[in-house]
Amino acid sequence: MQIKLTKNNISIQAAVYFSLIAYVIGIFGDSYYGLIKNVPFISSLYIGIFYISSYTRNGIFFAPIYILLGMIVSVPKFHCRKQVCKYGFILSLLFMLLEGWITYCLNIQKHNSMYFFLLPVMYFLFQLLLHAKVSRKAPTWIRDSSMMVYIIHPAVIIIVRRIAKVIGLTKILVENSFFQYISVCFLSWTFVFFIQIFFKRRGRNVSKR
């Protein structure tokens with residue numbers, strides 16, 4: 001598989017194989033863990049992985065395939081028409097929700113971050129975002145804020161868990177995924193709001209000097 005990503009026409013065949021294999025390994029340590037946790041030798045490998053990292057949703061098993069996906073989407077010849085992206089996204093999203101529901105009902109999930117259908121969901125979503133028309137006059141704080149939220153949200157998750165433990169709301173703010181998501185989003189955007197205000201005022205003070 002050859003993809004022209006730079007002037008040197010770099011081959012990423014090895015990256016494709018590594019990313020896919022790593023993602024499949026990660027999936028069976030995540031949403032499909034119940035299928036392999038009692039299998040001899042394989043379960044021992046995952047015990048070793050979990051000794052180093054609590055989850056397989058990390059920079060080794062989870063991240064590479066999506067970095068690669070972003071690189072692939074940047075190549076025009078891999079783009080799909082907007083209608084194909086739209087229906088592809090809706091269909092793959094429905095299948096992913098079904099996949100999540102089935103693995104949940106079968107009680108085989110260790111965590112719920114990695115699914116097979118998440119890959120096509122993100123592939124079509126990336127392209128839909130490329131088709132979106134964004135005004136050049138759009139404020140830069142939107143882009144900056146989204147990046148800040150992405151960077152600080154892991155720390156906010158820890159903060160939410162600590163707060164929940166102190167006030168005795170672990171079942172609601174930690175064990176309940178929906179309320180945890182809402183609380184993390186709210187606190188993340190709150191922090192970013194104040195960070196933006198801080199830098200804005202600091203910029204004004206510097207310009208006055």
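Residues: numbered from 1 along the sequence shown.
- The CG atom of L118 sits 8.5 Å away from the CD atom of E99 when rounded to the nearest 0.5 Å.
- For the pair R162 and V166, the minimum side-chain heavy-atom distance is 4.5 Å or more.
- Separating the OG atom in S31 from the CE atom in M96 is a distance of 9.5 Å, to the nearest 0.5 Å.
- Side-chain contact annotation: T170 with E175, donor-acceptor N/O pair under 3.5 Å absent.
- When every heavy atom of G59 is checked against every heavy atom of P64, the shortest pair comes out as O-CD, 3.4 Å.
- Contact between L173 and V160 at its shortest, heavy atoms only, is O-CG1, 3.9 Å.
- Taking the ring centre of F50 as origin, the terminal cationic atom of K110 falls inside the region bounded by 6.0 Å and 45° from the ring axis.
- In this structure the side chain of F62 never reaches within 4.5 angstrom of the side chain of T56, judged on heavy atoms.
- In this structure, OG in S183 is found 11.0 Å from CD1 in I159, a value given to the nearest 0.5 Å.
- Between the side chain of T103 and the backbone N or O of G100, at least one donor-acceptor pair lies under 3.5 Å.
- Between N38 and S43, the shortest heavy-atom distance links the atoms N-CB, 4.5 Å.
- The closest side-chain heavy-atom distance from Y32 to F116 is below 4.5 Å.
- Using a 4.5 Å cut-off between side-chain heavy atoms of Ile, Leu, Val, Met, Phe, Trp and Tyr, with links allowed through other members, I158 and V149 fall into different hydrophobic clusters.
- In this structure, the side chain of H79 engages the main chain of V73 through a donor-acceptor pair within 3.5 Å.
- When all heavy atoms of I60 and A22 are compared, the closest pair comes out as O-CB, 3.6 Å.
- Cluster annotation: M122 is not connected to Y87 through the hydrophobic network of ILVMFWY side chains, with a link wherever side-chain heavy atoms come within less than 4.5 Å.
- In this structure, Q109 CD and Y104 OH are separated by 8.5 Å, a value rounded to the nearest 0.5 Å.
- Partner of Y66 under the ring pair (Phe, Tyr, Trp, His ring centres under 6.0 Å) criterion, chosen from F126, F61, Y123, Y23: Y23.
- For the pair L69/I65, no side-chain contact is recorded, criterion being any heavy-atom separation below 4.5 Å from C-beta on.
- Side-chain contact between L106 and I102 is present, with heavy atoms from C-beta onward closer than 4.5 Å.
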Inset, instruction - Just do the side chain to side chain contact (heavy atoms under 4.5 Å, CB included) check on Q127 and K82 with the steps written out, would you? - result: CA-CA 8 Å; Q127 295 202 53; K82 187 175 181 179; over 6 Å; no
Inset, instruction - Could you give me the CA-CA distance, side-chain angles and deciding distance for N176 and K171, then say whether side chain to side chain contact (heavy atoms under 4.5 Å, CB included) is met? - result: CA-CA 6 Å; N176 188 306; K171 288 187 177 181; over 6 Å; no
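- Under the 4.5 Å side-chain heavy-atom criterion for Ile, Leu, Val, Met, Phe, Trp and Tyr, I167 and I172 are members of the same hydrophobic cluster.
- Using a 4.5 Å cut-off between side-chain heavy atoms of Ile, Leu, Val, Met, Phe, Trp and Tyr, with links allowed through other members, I157 and F178 fall into the same hydrophobic cluster.
- Atoms CD1 and CD1, on I25 and I42 in that order, are 10.5 Å from each other to the nearest 0.5 Å.
- The hydrophobic clustering, which links ILVMFWY residues whose side-chain heavy atoms are closer than 4.5 Å, places L125 and V75 together.
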Inset, instruction - Apply side chain to side chain contact (heavy atoms under 4.5 Å, CB included) to the pair H111 and D30, showing each step before the final yes or no. - result: CA-CA 5 Å; H111 199 45; D30 196 272; 3.3 Å; yes
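- The CG atom of L119 sits 6.5 Å away from atom CD1 of I27, with the distance rounded to the nearest 0.5 Å.
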Inset, instruction - Dump the intermediate steps for side chain to side chain contact (heavy atoms under 4.5 Å, CB included) on Y115 and F95, then the final yes or no. - result: CA-CA 10 Å; Y115 298 102; F95 276 112; over 6 Å; no
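- Aromatic pair F89/F124: centroids not less than 6.0 angstrom apart.
- Under the 4.5 Å side-chain criterion, counting only non-hydrogen atoms from C-beta, V192 is in contact with M148.
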